[in-house]
Number of protein chains: 2
Amino acid sequence: MKRDVFQAIADPTRRAIIALVAIQAMTPNAIAAHFDTSRQAVSKHLRILTECELVQQEQRGREIYYSLEIHKMKEIDDWLEQYRKIWEKRFDQLGELLEVMKEKKV
Amino acid sequence: MKRDVFQAIADPTRRAIIALVAIQAMTPNAIAAHFDTSRQAVSKHLRILTECELVQQEQRGREIYYSLEIHKMKEIDDWLEQYRKIWEKRFDQLGELLEVMKEKKV
DNA sequence: GACACGTGCAACCGTTTGGTTGCATAATGT
DNA sequence: ACATTATGCAACCAAACGGTTGCACGTGTC
């Protein structure tokens, strides 16, 4: 089953995990300590995040450190780009509107 | 059941609908013509998109025109902001690295 | 070697999701 | 008035999701 980034960030727990490993690499156990779910549930989330390459593993002894793969987050940003153009355009139009209003002294 | 924006954009069909209504306001029928699912399925997606205020309805006679609520897309952008800082920082560090490499003529 | 620790995986389970079909309702055209 | 069109809603269904528990496996520690 193929998962994409958007599905990965849909779950609030996964977004929280992303926020955690963005700051520093963490082990599943350490991550699970932040939630009131089981370690295995967190492990499942990490599996999904790994599958769509949002996080990276690094084995150190018997511990595995997970860290954020930031370029995948940029992928979301790239998708947003097309819409950013729209809201910036709207903002420009607002600027124009304000200009017109100023000229007409409304 | 409360739905958030991230769950709304998780579905590929919904992202396609967003892309459609971003260009111009469209009726459910017109939107459904772009997909090989039933009109009712599209209607369900529109319901979800409306619930989390990603699209806007405008009744015109017996037709309902749906259009994108662009400020909600900006909400996703706001969430991304914290991570944008990270990848821009990485980019800066890459710049520094390149500087060092140039100085040392590696 | 024996044991505890850190982790992933499989099996199971209730809930949600995304789809279908059928129907009700309101606006339009004849 | 009557048929047609545009739409939403309810009921149903298979598949996926997110969680649990139990277990297996590799790694350190004694």
Side-chain angles (χ1 to χ4, degrees), chain A residues 1-21 23-69 72 76, chain B residues 1-21 23-69 72 76:
Chain A
M1 56 192 83
K2 195 87 168 100
R3 282 210 193 72
D4 61 14
V5 189
F6 297 99
Q7 208 171 344
I9 63 167
D11 187 79
T13 306
R14 280 199 288 272
R15 285 202 301 280
I17 292 177
I18 288 174
L20 282 176
V21 298
I23 304 170
Q24 57 182 345
M26 290 177 76
T27 66
N29 255 334
I31 295 169
H34 286 77
F35 305 96
D36 50 358
T37 66
S38 70
R39 179 191 57 76
Q40 284 92 334
V42 171
S43 196
K44 268 193 170 185
H45 284 304
L46 285 170
R47 190 183 194 283
I48 292 172
L49 291 173
T50 308
E51 267 177 16
C52 53
E53 298 171 299
L54 263 169
V55 298
Q56 215 171 10
Q57 307 180 18
E58 190 202 342
Q59 186 108 25
R60 256 184 261 171
R62 64 182 163 187
E63 294 179 329
I64 301 177
Y65 283 83
Y66 286 86
S67 57
L68 186 62
E69 192 99 62
K72 267 285 169 177
I76 304 168
Chain B
M1 60 192 81
K2 196 90 169 95
R3 282 210 191 70
D4 61 14
V5 188
F6 296 98
Q7 207 171 347
I9 63 166
D11 186 80
T13 306
R14 280 198 289 269
R15 286 201 301 280
I17 291 178
I18 289 174
L20 282 175
V21 299
I23 304 172
Q24 57 182 346
M26 290 178 75
T27 66
N29 255 332
I31 295 170
H34 285 78
F35 303 97
D36 50 359
T37 67
S38 70
R39 178 191 57 76
Q40 285 92 334
V42 171
S43 196
K44 269 193 169 185
H45 284 303
L46 285 171
R47 190 182 194 285
I48 292 171
L49 291 173
T50 307
E51 266 177 18
C52 54
E53 299 171 299
L54 261 168
V55 299
Q56 212 172 10
Q57 307 180 19
E58 189 201 342
Q59 186 108 25
R60 256 184 261 171
R62 64 181 164 188
E63 294 179 329
I64 300 178
Y65 283 82
Y66 287 85
S67 57
L68 186 62
E69 192 100 59
K72 268 284 169 179
I76 304 168

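Because only heavy atoms are used, hydrogens play no part in the values below, and waters and symmetry mates are left out as well, while side chains stay in. Each chain gets a letter, A, B and so on, in the order the sequences are listed, and its residues count up from 1.
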Side-chain atoms of B:R39 come closest, of D:dA16, C:dG8, D:dG8, to D:dG8

Carefully, step by step, assess A:L20 and A:F35 under the rule side chain to side chain contact (heavy atoms under 4.5 Å, CB included). CA-CA 11 Å; A:L20 282 176; A:F35 305 96; 4.0 Å; yes

Hey, is the main chain of B:I9 close enough, under 3.5 Å, to the side chain of B:R15 for a donor-acceptor pair? yes

Comparing A:A10 and B:S43 on DNA chain D - which has the more 5′ nearest nucleotide: B:S43

Let's test your reading of the model: under 3.5 Å, does the base of C:dG18 pair with the side chain of B:R14 as donor and acceptor? no

From the list C:dG19, C:dT20, C:dG6, which nucleotide is the closest neighbour of the side chain of B:T13? C:dG19

OP1 or OP2 of D:dC9 under 4.0 Å from side-chain N/O of B:R47: yes

Mind calculating the distance between CD1 (B:I48) and C1' (C:dT17) to the nearest angstrom? 8 Å

Quick one: does B:Q59's side chain get under 4.5 Å of B:Q57's, heavy atoms only? no

With a 4.0 Å cutoff (strictly under), does any side-chain N or O of B:Y66 reach OP1 or OP2 of D:dA6? no

OP1, OP2 of D:dT29 versus side-chain N and O of A:R62: anything below 4.0 Å? no

Main-chain N/O of B:C52 paired with B:R3 side-chain donor or acceptor, under 3.5 Å: no

Just by distance, do the side chain of B:S43 and the backbone of B:R39 share a donor-acceptor pair under 3.5 Å? no

Rounded to whole angstroms, how far apart are OH on B:Y65 and P on D:dA6? 10 Å

Answer with yes or no whether B:K44 presents, from its side chain, a donor or acceptor under 3.5 Å of a partner atom in the base of D:dG8. no

Separation of atom CD in A:Q59 from atom C1' in C:dG6, rounded to whole Å: 9 Å

Residues from residues 27-37 of chain A lying under 4.0 Å of DNA chain D - heavy atoms: A:T37

Tell me the interatomic distance from A:L46, atom CG, to C:dT7, atom P, rounded to whole angstroms. 10 Å

To the nearest Å, how far apart are B:D4 CG and C:dT16 P? 15 Å

In this structure, how many angstroms lie between the C1' atom of C:dT7 and the CE atom of A:M26, rounded? 15 Å

Start with the C-alpha gap between A:T13 and A:T37, add the side-chain angles, then the distance that decides, and say whether side chain to side chain contact (heavy atoms under 4.5 Å, CB included) holds. CA-CA 10 Å; A:T13 306; A:T37 66; 5.5 Å; no

CD of A:E51 versus P of C:dC9: gap in Å, rounded? 9 Å

Nearest to the side chain of B:S38, which nucleotide is it out of D:dT7, C:dT20, D:dC9? C:dT20

Please report the distance, rounded to the nearest Å, between CD in B:Q7 and P in D:dA16. 17 Å

Inspect the contact between A:K44 and A:D11 and indicate whether a charged nitrogen and a carboxylate oxygen are less than 4.0 angstrom apart. no

Please determine whether a side-chain nitrogen or oxygen atom of B:H45 lies at a distance below 4.0 Å from atom OP1 or OP2 of C:dG19. yes

B:Q7 versus B:R14, closest heavy-atom pair with distance: O-NH2, 3.3 Å

Is any side-chain N or O of B:Q40 under 3.5 Å from a base N or O of C:dG22, one able to act as donor and the other as acceptor? yes

Select one nucleotide: of C:dT7, D:dT7, D:dG19, the one nearest the side-chain heavy atoms of A:A41. D:dG19

